[in-house]
2 protein chains.
Amino acid sequence: MSTTTRKASPARRTRRTPAADAPQTLDALAATDPRLPLYQRLKDAFVAQLASRRWRPGEAIPTEAELCRAYGASIGTVRHAIELLALDGLLEKTPGRGTFVRTPSFEGSLFRFFRHRAGGEDRVPQGRILSRAVRLPPSEVGESLRMAPRERAIVLERLRSFDDVPFLCEEIWLPQSRFAALARLPLAEFGNLLYPQYERHCGQTVASAREHLSVAQARGVVADRLRLAPGAPVVVIERLAFGYDRSPLEWRRSHGIAERFRYDVDIR
Amino acid sequence: MSTTTRKASPARRTRRTPAADAPQTLDALAATDPRLPLYQRLKDAFVAQLASRRWRPGEAIPTEAELCRAYGASIGTVRHAIELLALDGLLEKTPGRGTFVRTPSFEGSLFRFFRHRAGGEDRVPQGRILSRAVRLPPSEVGESLRMAPRERAIVLERLRSFDDVPFLCEEIWLPQSRFAALARLPLAEFGNLLYPQYERHCGQTVASAREHLSVAQARGVVADRLRLAPGAPVVVIERLAFGYDRSPLEWRRSHGIAERFRYDVDIR
DNA sequence: GAGTGGTCTAGACCACGAA
DNA sequence: TCGTGGTCTAGACCACTCG
């Protein structure tokens with residue numbers, strides 16, 4: 001993986017002053033459900049820090065000892081909460097250095113589904129925007145994104161290729177309220193990865209997603225774009241992506257060449 | 001804050017003297033890698049209890065307090081080890097009752113992949129054995145199962161259906177050394193589920209598995225059995241199943257009707 | 001009421017990374 | 001050398017299940 005796996009350099013390790021931090025942290029804890037165990041409430045409070053961007057991707061969160069003081073909990077309890085967030089993939093602990101906010105870069109999740117013939121390591125596939133428009137979304141999409149009845153959405157068509165050989169075409173819907181900046185961004189400035197653009201231009205961090213897979217046969221536009229004969233098998237991936245606060249951010253439907261599909265699962 | 005008695009000079013490193021009532025448990029701990037953290041060694045020791053069938057599926061394991069005494073560790077450390085095994089799906093904790101060895105029943109994993117039209121709840125699909133033979137396995141299978149060069153294997157062909165409509169056909173390979181009893185079991189006594197038979201007749205418990213998915217087009221025998229036109233898309237699932245000790249037990253390749261395939265993934 | 005796992009504390013010492 | 005997270009202890013009290 002050649003992209004975005006960099007860790008925060010020690011120079012970027014920014015620490016907040018406890019004085020400025022303390023009032024918010026206590027509010028954050030007070031805002032959680034008091035019937036829950038303390039470690040769950042701490043977890044919720046930490047997620048709130050992530051959602052509010054007080055803790056930012058790539059940066060270190062306060063040390064465990066500091067969190068103990070700030071939230072008035074014992075170190076074992078604080079560690080329990082952090083451990084859960086690390087299991088969720090939101091935080092990353094590094095012995096001797098600290099605990100960091102993970103930069104979620106699972107655009108590379110395509111590697112889970114599609115092999116590409118390039119010898120050696122994984123590269124990010126090319127991503128070319130074919131079209132952009134602003135319009136009312138289909139009801140399925142609008143409901144999934146929990147959009148207001150008459151709210152418009154940005155819709156992108158995108159073709160992904162390895163070495164200029166297309167293997168996946170995507171249809172992407174984004175609520176205009178959150179992503180207005182993307183409606184004006186020159187198409188040339190969309191790179192190969194979308195989620196960093198969401199972060200940079202719209203302050204929206206994708207923290208998790210749910211995908212649904214099925215198999216269909218290629219027709220019409222999809223067959224044309226993927227250069228497939230009508231009837232050839234394609235894999236359909238529908239994805240709903242969420243922010244730290246679990247609110248839906250993006251709806252996406254992708255069609256990929258089934259011949260290049262593969263997936264590994266561990267069952268326990 | 002508690003009202004406990006405080007010692008002026010703690011710093012006790014006193015190891016509990018091994019109780020006379022637990023000889024095997026201490027052996028089990030001694031057999032683990034002493035360079036590992038204690039909670040990892042405990043986990044390995046507990047897995048050994050599972051593999052040796054001293055702890056059996058469905059039964060309760062000793063209480064946390066008993067394990068503390070038996071292994072000379074603190075309750076937090078014992079809990080840590082148990083927690084890991086619960087996350088792995090090997091144990092199941094029930095508040096107020098105890099911790100139990102899970103009966104791995106992920107034959108139902110098919111429900112992850114194939115929808116069936118039956119209204120309401122999930123039922124186990126029918127499984128009919130079409131053939132059984134004993135022969136040398138293909139090298140790919142033999143190597144996956146880590147079999148000796150000239151060792152023979154039992155091979156089963158099996159057709160799975162809902163309401164007598166087939167949707168999946170399977171080719172299953174088992175090393176004869178472990179599964180000799182299955183070569184003699186009357187075909188009528190194979191039920192709809194295989195793994196319980198492995199357990200009952202051969203003392204082999206499937207604890208985990210790795211699956212590889214891809215998409216192909218139906219040909220020959222597969223097309224016939226699934227009643228598909230040649231060229232229709234099928235999903236290919238290759239599974240390698242493992243025991244508690246991670247040794248491979250079963251190799252399986254399944255072909256399923258792609259139209260009925262679906263799969264949900266959560267990404268983080 | 002006895003026993004279980006669930007939660008929580010308030011420390012200790014350690015290995016490791018960075019300066 | 002100092003600060004970090006990793007490991008571990010030796011308890012406490014709680015909610016829950018079961019007989």
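Heavy-atom basis, side chains included; hydrogens, waters and symmetry copies ignored. Chain naming here is simple, since letters A, B, ... match the order of the sequence lines and numbering starts at 1 in each.
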Base, sugar-phosphate, or nothing: which does A:Ile82 touch, judged by heavy atoms less than 4.0 Å apart? nothing
Interatomic distance where [atom1] belongs to [X] and [atom2] belongs to [N] [whole Å]:
X: A:Leu36; N: C:dT7; atom1: CG; atom2: C1'; result: 12 Å
X: B:Leu84; N: D:dC8; atom1: CG; atom2: C1'; result: 15 Å
X: B:Glu64; N: D:dA12; atom1: CD; atom2: C1'; result: 15 Å
X: B:Arg79; N: C:dT4; atom1: CZ; atom2: C1'; result: 10 Å
X: A:Glu83; N: D:dC8; atom1: CD; atom2: C1'; result: 15 Å
X: A:Phe100; N: D:dG5; atom1: CZ; atom2: P; result: 9 Å
X: B:Tyr71; N: D:dT7; atom1: OH; atom2: C1'; result: 20 Å
X: B:Ile61; N: C:dT4; atom1: CD1; atom2: C1'; result: 12 Å

From the options [options], select the nucleotide whose nearest atom is closest to the side chain of [X].
X: A:Ser74; options: C:dC8, C:dT9, D:dG6; result: C:dT9
X: A:Thr63; options: C:dG17, D:dG6, D:dT4; result: D:dT4
X: B:Arg97; options: D:dG6, C:dT7, D:dC18; result: D:dC18
X: A:Tyr39; options: D:dC8, C:dC8, C:dG6; result: C:dC8
X: B:Leu38; options: C:dC8, C:dG6, D:dC8; result: D:dC8
X: A:Ile75; options: C:dG11, D:dT9, C:dT9; result: C:dG11
X: A:Ala73; options: C:dT9, D:dA10, D:dG5; result: C:dT9

Please set out all donor-acceptor pairs under 3.5 angstrom arising from side-chain atoms of residues 87-95 of chain B, sequence neighbours excluded.
from    : atom 1 : to      : atom 2 : distance (Å)
B:Asp88 : OD2    : B:Lys43 : NZ     : 3.4
B:Lys93 : NZ     : B:Glu83 : OE1    : 2.6

When every non-hydrogen atom of B:Pro62 is compared with those of B:Leu67, the smallest separation belongs to O-CD1, 3.7 Å
Results of ring pair (Phe, Tyr, Trp, His ring centres under 6.0 Å) for A:Tyr198 - residues two or more places apart only: A:Phe179, A:Tyr195
Could you pull out all residues at least two apart from A:Tyr263 that satisfy ring pair (Phe, Tyr, Trp, His ring centres under 6.0 Å)? A:Phe113, B:Tyr263
Applying side-chain hydrogen bond (donor to acceptor under 3.5 Å, both in side chains) to B:Asp44 and not counting sequence neighbours gives none
Not counting sequence neighbours, which residues clear salt bridge (charged side-chain N to carboxylate O under 4.0 Å, His left out) with B:Arg79? List them please. B:Glu64
Donor-acceptor under 3.5 Å (A:Asn192 side chain, A:Gln126 main chain): no
Residues in contact with DNA chain D, drawn from residues 87-95 of chain B - heavy-atom cutoff 4.0 Å: B:Pro95
